[in-house]
Amino acid sequence: MSLLQVENIIKRFGGLLAVDSVSFSVPRGAVFGLIGPNGAGKTTVFNLITGNYGPNGGSVIFQDRDITGQPTHRIVAAGIARTFQTIRLFANMAVIENVLAGCHCRMRSGPVAAMLRLPSQHKEERQALSKAMAELEFVGLFDQAENLARNLSYGNQRLLEIARALASDPRLIILDEPAGGMNELETAALVSLIARIQARGITVLLIEHDMSLVMKACEQLVVLEYGKKIAEGTPAEIKKNPLVIEAYLGSDDEDF
Amino acid sequence: MKPAAGQIRKTAYAAIILLWMVAPLFIGKYWTDVLNNVAIYAVLGLSLNIILGYGGMFHMGHAAFYAVGAYTTAIVNTAWGVPVLWLMPAAGLAAGLFALVVARPIIHLRGDYLLIVTIGMVEIVRIALINNVFGITGGANGIFGISSPSVFGFQVNSIVAPAHYFYLVTAFLAITIVLFYLLENSRFGRALKFLCSDEVAAQGSGINTAGYKLAAFVIGAVWAGMTGTLYASKMGFISPESFSFWESVVMFMIVILGGSGNIAGVLLGAALIIGLPEIFQGLQQYRLLIFGLALMIMMIFRPQGILPPKPRSYPIDKLEKNEVSF
Amino acid sequence: MKRLLFLILTGIVAATANPALAQDPIKIGLMCPLTGSWAAEGKDMKQIVELLADQVNNEGGLLGKEVKIVIGDDSGDPRTAALAAQRMATREVAAVIGTYGSSITEASQNIYASANIIQVANGSTAVRLTEKGLPYFFRTCPRDDEQGRVAVKTLLDSGYENIAILHDNTTYAKGLADEAKKLLDQKEVNIVFFDALTPGEQDYGTILSKMKTKDPDVVFFTGYYPEAGLMLRQKMEKGWDVPFIGGDATNNPDLVKIAGNKAAEGFRFLSPPVPGDLPTKEAREFLEAYEAAYHTTPGSIWAVLAGDGFRVIVEAIKQTQSTDTQKMADYLHNEMEGFSGLTGDIAFNQKGDRIGDVYRVYRVDAGGNFVLTE
Amino acid sequence: MEQFFTQLTNGLAVGGIYALIALGYTMVYGVLKLINFAHGDLFTIGAYLGLTLLTSLALTDHIGGIAGILLLAVMAMGLVGIIGILLDRAAYKPLRTSPRLSAVVSALGASIVLSNTVMLVYGPSTRVYPQGLLPSQVFYIFGLPVPVMRFIILGASILLMIGLYVFIQRTKIGTAIRAAAIDQDAARLMGINVDRVIMLVFFIGPALGGAAGVMVGLYYGQITFTMGWTYGLKAFTAAILGGIGNIPGAMVGGLLLGVIEALGAAYISMAWKDAIAFFVLILILIVRPTGLLGERVAEKI
């Protein structure tokens, strides 16, 4: 039973066909990897799923609902949260405030409630705050709550993005190169964090260049090259696939 | 040393509030009227701050909303004699509706493109007023004979007794400060700050950025419209030249000079931008030159604004441990 | 130390006792636009009033006291004007002159009224300003309806049948244009064009081209001299020879400089007489003194009307031997008659409006001079 | 048809001046992402300096009409360019690393200072250029009169714009300016002296504005200290209309704005002319959010 289905999705930038009719389906509860050489269109696929870009064709089905071309905030509300390849935090705000951004879509009170200081609004704020603290504890940033986001280390900023994504109570979390800029220790911790996320019943879809992480963490992989899907399977199958080997050798990627 | 600093700040605020409240007893009509102007522009600055300060949208046409409110008040009051203060909600509503209609198609424009479009908006409004649009704005003459506000049957005439008007406008300013403070520290205010800081990240966190931008415009416009009521009833007449592009620039400068996104900063900005030219009155034709120089110098020495906002703190230490769970 | 204290104390006593002293000056306020778009008018107003005040002081002052001019800058903007008026009202002025621009004056009217200060406006022609029944408001300038009446008479007397009216959407020009249109609509003439230009621009080719398509016999322009001068020249360049008639805001020597003698020749405008055309001693002396002091002639008639405002106030103080507002107002309303002003005889009706035929029709001759046509 | 043609030439003449001033906005914006709100006042200063030079040096008497006017324009351009550099040093350089809107407020302050300085130095009255220096013939095209000066104004603006375009596209310094506009840090790494580039931009932009000021003075004959505000706003509108930061965009935007105004005034309403221009601007921006020639870059996420 699949949680997310991407069907023949297409994206053009001017004359460039960045994503060429890619299809795959992510099973519920899985850790699913999207790999491929630089410029293969992986992040573009993510942006198509999360509604940052509108596709030129194809569809995205999430929990049996067509969410193609919906605005990003609706997609988040539907249960897909994400992190960004180039870290996008609210740099001049406190760590805790960054996580509260994720809580936003699960809250209800509007400007009028705030100005009238309704009890419901007050209670909701309190609940959101404890939820945010809980997520910080989950990723191991509990004691950094009052720091400014920009003062965190690179690895911790990645973790903060994950906490922010988790705060929106997603069914699917999309991680775009979560280990980018992390040292070995941090990467190892990330592998176990991904496992704990999976244990919470959240499906994980990730892009990663660190192949040791991909092989350890993912149950299933899709390989893209020049915007096309060239292979799909378990890590063990992918490792042996001649097309994949050629693609990676051709791009001189030593990680593989 | 943190509590001590907080204590000093609280004492300072209390002193300023006290001084403000008793000021009209000592400073005479003229300076009281200067304070009335400061208060009006403080409210305008605070309403613009929602759009420009929290929302980060380059909006240089706020006088358009102010004008819609003032003209709504003037037209209804002179035509049907409805007491002006009753018209405050109507003026706010009219300005809010106007904002809803005009802001929707332009909300997605970025930075300077939004800036020129909002300038265009305020110019179109001014030209429409001059050309006596719908035959109700009085053209270049404007509208006169607007009654002064009355509070529980007590006439508040800003011309005869600026001090009476002072307490009326101060009350409105105080309400505005409290409400906007609550708004700033809420889900709504936070969402605006997120989209101001990084729109893509805000969207990715599930915030309806377009919706919040529009809401910010509408709330800012409602308040500017209500301030328009106060202005119209203060002057007794209004004409298009009071709602020129330059008025928008003045509001814009108040927010940026004082400290974009900070209520205390905007209040200080209003005091400086409206107060300084009056302090320089004695310099006659040199006063604007000195004012311009002062603006440049202040910006150079405090590039972030004089009182930039501080990161917000959350009462996490007050959370009970058992609350921190899923 | 004791000595110092004594000095301070005597200083305070002297300062507080001062109002009773004879040498305490009589203060007269002048509210004018010293900054902003109308700063040129304000500067002239200031120079003229200060010059006249110096003359009064050189001749021994007023009621044995020195006359002091207190100046407030209204920036040509209603909000600033209201503040300037509040400030003026706190400065113990006997009366106030000013200001230029009807909506600017309107912003100050009620403030002076509530402070019981006489206000003599000089460049605010909107009809409604004197229709409010304010007891202490006067103006030395005529009203829009008066000028409209004279303009219509001039247009009809010249036998024009197809008339274009052009204004600039300012309160004053629009008011005059509306007034003229109202009167012309009752007559047997066609108004073939009625629209506004945007002041402050430099190329009016578009407007001229558009008017030309309506083929009027005459264009009545109610706006200001810079636009009039530019249009006269651009109309000549286009080879269009329709006559132009202007309102009194075109009365400025710079009009000819902008247009050039050739293009300006034949242009007619309505205006209260300029001092140069008046045979009175006062007017001649004033012009001489002004040229001696500032090496130029007054730019606009409105500033000269501020000078008349000053002279009227001085006369009222002199005649009533007091600076009491009510006495002065009574004098101005009822007793002043045929007072010889810089712009002709001055008297006021009960509304505070100037009585009498003020307007003349001027024509620009081949040498670029303004010549009285009657 | 006759009216259309006449209005077109009217619009193009005014549009040429808008375009020339718009170039100053767009060049500074291209490199610094700064809206130089004081640019309109530099235009005013150009007009006033031109007047001073014209009357005090009597160039046209000494070396003849056309040569004198050209020399005058070059001198005024140079002086206004230097004032532009000084303005940058005083008002903008200290704010390079600050939030963008802070520099806007500083620019507004500078605008107040410059226009009031002009008022205090030259007086608030309208000033008049000596007349008769320029040809006042009228061309007849298909029987329609078109003053020859309109062609000269338009021609001079277009010539200056083409000159600038060639300079930016073909010379080494021009390449440096383009590089700094795309990425200052990268340009610095490539050995480009970015501070020098900024200085140059603050020379060229104001110099062109100054040239426009002299042209306006010479042709229209009258100048006031507040005229920079009106022209500046129009030129800024033109720069945005074409796509700010884009040099051909400023030219297209300026000419187009002039034509829109002229046609709007002729066929719709004169009193609503500016409102029509802004309305068209808004419509265009709704369809093309980065102006006519502005680049439409999808944000990299």
Side-chain angles (χ1 to χ4, degrees), chain B residues 52 56 58 60 102 105-106 108-117 119-128 130-133 199-201 203-204 245-246 249-250 252-257 260 269 285-305 308, chain D residues 29 33-35 37-38 90-117 119-120 124 229 233 236-237 239-241 243-245 269 271-283 285-286 289-291 294 299-301:
Chain B
L52 173 65
F58 292 11
M60 220 188 236
V102 298
I106 61 172
H108 65 283
L109 292 174
R110 276 171 213 282
D112 310 292
Y113 293 93
L114 184 64
L115 188 83
I116 193 75
V117 164
I119 292 173
M121 174 183 77
V122 77
E123 279 295 282
I124 292 175
V125 167
R126 188 181 62 86
I127 293 167
I130 287 181
N131 283 309
N132 200 5
V133 69
E199 198 172 336
V200 173
Q203 265 172 1
F245 167 45
W246 182 250
V249 170
V250 165
F252 189 88
M253 292 195 295
I254 285 172
V255 173
I256 303 295
L257 176 77
S260 169
Q285 67 264 47
Y286 296 94
R287 73 192 182 106
L288 284 187
L289 179 77
I290 305 288
F291 173 66
L293 276 175
L295 267 184
M296 285 166 66
I297 292 167
M298 286 190 288
M299 263 0 274
I300 287 164
F301 283 97
R302 298 287 299 192
Q304 316 290 321
Chain D
Y29 187 90
K33 303 287 171 279
L34 164 79
I35 310 160
F37 267 106
Y92 305 138
K93 205 169 183 211
L95 294 166
R96 286 275 198 271
T97 55
S98 318
R100 287 184 50 204
L101 293 181
S102 307
V104 168
V105 171
S106 183
L108 289 164
S111 166
I112 298 174
V113 170
L114 290 179
S115 66
N116 279 279
T117 305
M119 180 189 97
L120 291 169
W229 188 244
L233 187 59
F236 177 43
T237 308
I240 292 272
L241 185 62
I244 195 159
S269 161
W272 289 79
K273 180 179 66 103
D274 286 4
I276 294 165
F278 278 119
F279 191 69
V280 172
L281 170 86
I282 292 171
L283 285 185
L285 287 183
I286 288 171
T290 50
E299 194 176 356
K300 178 133 177 67
I301 295 163

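Keep in mind that the numbers below use all heavy atoms, side chains included, and drop hydrogens, waters and symmetry copies.
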**Fill in**
Scanning both residues in full, the closest heavy-atom pair of D:S98 with B:P303 reads OG-CB, 3.0 Å
Quick one: does [X]'s side chain get under 4.5 Å of [Y]'s, heavy atoms only?
{"X": "D:S102", "Y": "B:Q304", "result": "no"}
{"X": "D:L285", "Y": "B:I116", "result": "yes"}
{"X": "D:I35", "Y": "B:F58", "result": "no"}
{"X": "D:L101", "Y": "B:L52", "result": "yes"}

At a 4.5 Å cut-off on heavy atoms, which part of [X] comes close to chain B: side chain, backbone, both, or neither?
{"X": "D:F37", "result": "side chain"}
{"X": "D:I244", "result": "both"}
{"X": "D:L120", "result": "side chain"}

**Message:** For a side-chain contact (heavy atoms from CB on, under 4.5 Å) check, start with the C-alpha distance between B:F252 and D:V104, then their side-chain angles and the critical distance, and finish with the verdict.
**Reply:** CA-CA 10 Å; B:F252 189 88; D:V104 168; 3.8 Å; yes
Looking only at heavy atoms and a cut-off of under 4.5 Å, which of [options] has the most pairs with chain D?
{"options": "B:I124, B:D112, B:I256", "value": "B:D112"}
{"options": "B:V125, B:V255, B:N131, B:L115", "value": "B:N131"}
{"options": "B:M253, B:R126, B:M121", "value": "B:M253"}

**Item:** Approximate separation, where rounding is to 0.5 Å, of D:L108 CG and B:L257 CG
**Value:** 11.0 Å
**Complete:** Applying ring-ring contact (aromatic ring centres under 6.0 Å, His included) to D:W229 and not counting sequence neighbours gives B:F245, B:W246
**Fill in**
Comparing D:I112, D:L114, D:T237 against chain B, the one with the most heavy-atom pairs below 4.5 Å turns out to be D:I112
**Message:** I'd like to know which of D:L233, D:T97, D:L281 tops the heavy-atom pair count under 4.5 Å against chain B.
**Reply:** D:L233
Could you pull out all donor-acceptor pairs under 3.5 Å where a side-chain atom in residues 286-301 of chain B meets a protein atom, sequence neighbours excluded?
unit_1, atom_1, unit_2, atom_2, d
B:R287, NE, C:D73, OD2, 2.7
B:R287, NH1, B:P277, O, 3.2
B:R287, NH2, C:D73, OD2, 3.1
B:R287, NH2, C:S75, OG, 2.8

**Prompt:** Where does B:A201 contact chain D at under 4.5 Å (heavy atoms): side chain, backbone, both or neither?
**Reply:** neither
**Prompt:** Relative to chain D, which segment of B:Q285 carries a heavy atom at a distance below 4.5 Å: side chain, backbone, both, or neither?
**Reply:** both
